[in-house]
Protein chains: 4
Amino acid sequence: MVRITLELASKIVTATLQRRVELGFKPLCVAVLDPGGHLVAMQREDGASTLRPQIAMAKAGGALALGISSRKIAEMASERPTFIASLGPISPHGVVPAAGGVLIVDADGQLIGAVGVTGDTSDNDEACALAGIAAAGLSAVD
Amino acid sequence: MVRITLELASKIVTATLQRRVELGFKPLCVAVLDPGGHLVAMQREDGASTLRPQIAMAKAGGALALGISSRKIAEMASERPTFIASLGPISPHGVVPAAGGVLIVDADGQLIGAVGVTGDTSDNDEACALAGIAAAGLSAVD
Amino acid sequence: MVRITLELASKIVTATLQRRVELGFKPLCVAVLDPGGHLVAMQREDGASTLRPQIAMAKAGGALALGISSRKIAEMASERPTFIASLGPISPHGVVPAAGGVLIVDADGQLIGAVGVTGDTSDNDEACALAGIAAAGLSAVD
Amino acid sequence: MVRITLELASKIVTATLQRRVELGFKPLCVAVLDPGGHLVAMQREDGASTLRPQIAMAKAGGALALGISSRKIAEMASERPTFIASLGPISPHGVVPAAGGVLIVDADGQLIGAVGVTGDTSDNDEACALAGIAAAGLSAVD
């Protein structure tokens with residue numbers, strides 16, 4: 001099983017932000033968490049607002065907490081808003097139901113961590129997260 | 001870069017409450033925060049209810065946390081209620097999605113703080129906040 | 001029964017900070033709370049660090065919560081540290097056991113609010129709070 | 001006034017971890033915060049335990065909250081343990097009273113942020129933080 005080393009996490013962060021520059025998106029904040037939901041690496045670009053670190057962690061942390069991407073959590077939230085809202089206060093980093101929190105698996109499909117991105121629209125955030133994961137030679141799962 | 005000194009913050013508070021008297025609005029509570037979201041000055045008028053300080057801080061603090069006015073946060077909340085609701089538990093002062101939390105910039109457009117006002121309707125709260133910012137020779141941004 | 005109006009609270013804040021200038025103390029933060037422990041007025045001087053508003057509120061709020069000055073709470077804390085420590089998490093504003101949180105009574109001895117001051121040593125903080133209360137024509141109680 | 005850009009924060013993180021390799025210390029976690037206490041960059045080395053990000057943030061964040069290094073906070077904590085303990089619950093990131101949380105100032109002595117390091121002994125943590133700050137051309141203050 002591959003582990004999300006700091007080296008791998010840094011590759012993900014760098015590639016995520018590189019893609020956001022290529023696409024001309026707004027300044028982003030990226031967080032990479034290990035499978036237990038604990039931070040490995042985080043960067044907040046100049047101009048990204050002050051709550052972005054917590055939002056990035058709560059997208060990625062929420063995805064790990066429920067075992068599905070934050071895009072799917074957003075879909076659940078539109079069907080069952082009170083259920084998803086109830087999870088925030090009992091989750092160490094909160095649960096933010098918006099795309100941009102992506103689960104990472106190794107070649108065997110083992111869950112090894114998650115990336116959370118925030119700062120532009122949720123779709124754009126997620127596009128950068130996916131690019132970051134791919135650049136590190138890893139796979140995303142929904 | 002201008003800093004929100006106590007002198008400037010006090011001017012904002014005084015002018016905000018002066019405008020509310022001129023307009024005959026209900027008693028208000030005004031909070032002025034530095035760019036990191038920390039209180040510089042706060043006044044609650046006689047008759048304003050007990051949670052008003054927290055609401056004023058959560059309007060201004062939410063605006064700083066997301067980098068947009070609480071009026072815009074209210075618009076986001078009507079489109080994506082579960083997303084905005086999820087930010088409360090992960091934000092130090094909470095996020096109140098209602099007009100009246102206004103970002104302050106200096107002449108160069110640098111974000112230097114925020115004002116939060118509550119007590120009357122959100123539109124009236126915001127009108128007083130804008131008057132307070134203008135009276136201190138500063139500019140509001142959406 | 002006298003009520004801590006915003007006018008009275010503002011007098012206390014102004015006189016507290018005036019005394020700190022006379023005595024050459026460090027920049028202070030002053031909070032005035034009503035008898036329910038809710039903020040009426042708060043000012044943080046330039047150079048006072050970012051947690052000062054919370055500390056000022058937790059000195060004054062702890063005093064109201066227990067019905068004794070924060071100087072007495074500090075004495076209790078040295079005798080029964082775990083008891084006082086246990087109160088922080090169950091108190092809305094926390095309980096800071098250090099002098100500078102002073103209860104205010106009217107001429108009939110009725111509890112009408114509290115002042116919390118922080119920024120210099122606890123003794124100096126308290127000296128300014130007492131000067132502020134006296135300047136407003138009110139009395140402190142231990 | 002210099003701002004802690006992501007570029008500067010990344011330099012601090014890299015140099016801090018470089019020094020820890022040179023000195024053969026245990027795996028570390030480094031957090032760089034802006035003056036409002038908000039994360040700019042964070043890295044946790046392989047083998048550093050799961051709470052390290054929070055400890056790094058609570059060393060640096062506590063230093064900013066009180067305006068003194070976490071080494072000085074540790075000294076205060078040995079004299080007044082209940083006072084320092086009472087600040088944890090009212091501080092957004094907590095307050096960890098142990099060396100390794102260092103305030104950063106620019107050439108004019110303006111407070112521009114803080115570094116928090118944890119993973120080895122507090123003295124070793126602090127030595128790496130100081131090396132990181134110096135490598136970025138900035139100054140530490142006690």
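Worth saying up front: this structure is predicted, and the values here are computed from it rather than measured. In what follows, every chain begins at residue 1, and chains take the letters A, B, ... in the order their sequences are listed. Hydrogens, waters and symmetry mates play no part in the numbers below; they use all other heavy atoms, side chains included.
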Taking atom CG of Leu87(D) and atom CG of Leu51(C), what is their separation to the nearest 0.5 Å? 6.0 Å
Find the one option among Ala65(D), Gly37(D), Pro35(D), Gly36(D) whose heavy-atom pairs under 4.5 Å with chain C are most numerous. Ala65(D)
Spacing of Ile84(C) atom CD1 and Phe83(D) atom CZ [to the nearest 0.5 Å]: 14.5 Å
Between Val95(C) and chain D, which part of the residue has a heavy atom less than 4.5 Å away: side chain, backbone, both or neither? backbone
Toward chain D, the part of Ala58(C) with a non-hydrogen atom under 4.5 Å: side chain
Engaged part of Pro92(D) at the chain C interface, taking heavy atoms whose separation is under 4.5 Å: side chain
Would you enumerate the inter-chain donor-acceptor pairs between chain C and chain D whose distance is below 3.5 Å?
residue, atom, partner, partner atom, Å
Ser49(C), OG, Ala65(D), O, 2.7
Ser49(C), OG, Leu66(D), O, 3.4
Thr50(C), OG1, Leu64(D), O, 3.4
Leu51(C), N, Ala65(D), O, 3.0
Ser122(C), OG, Arg80(D), NH1, 3.3

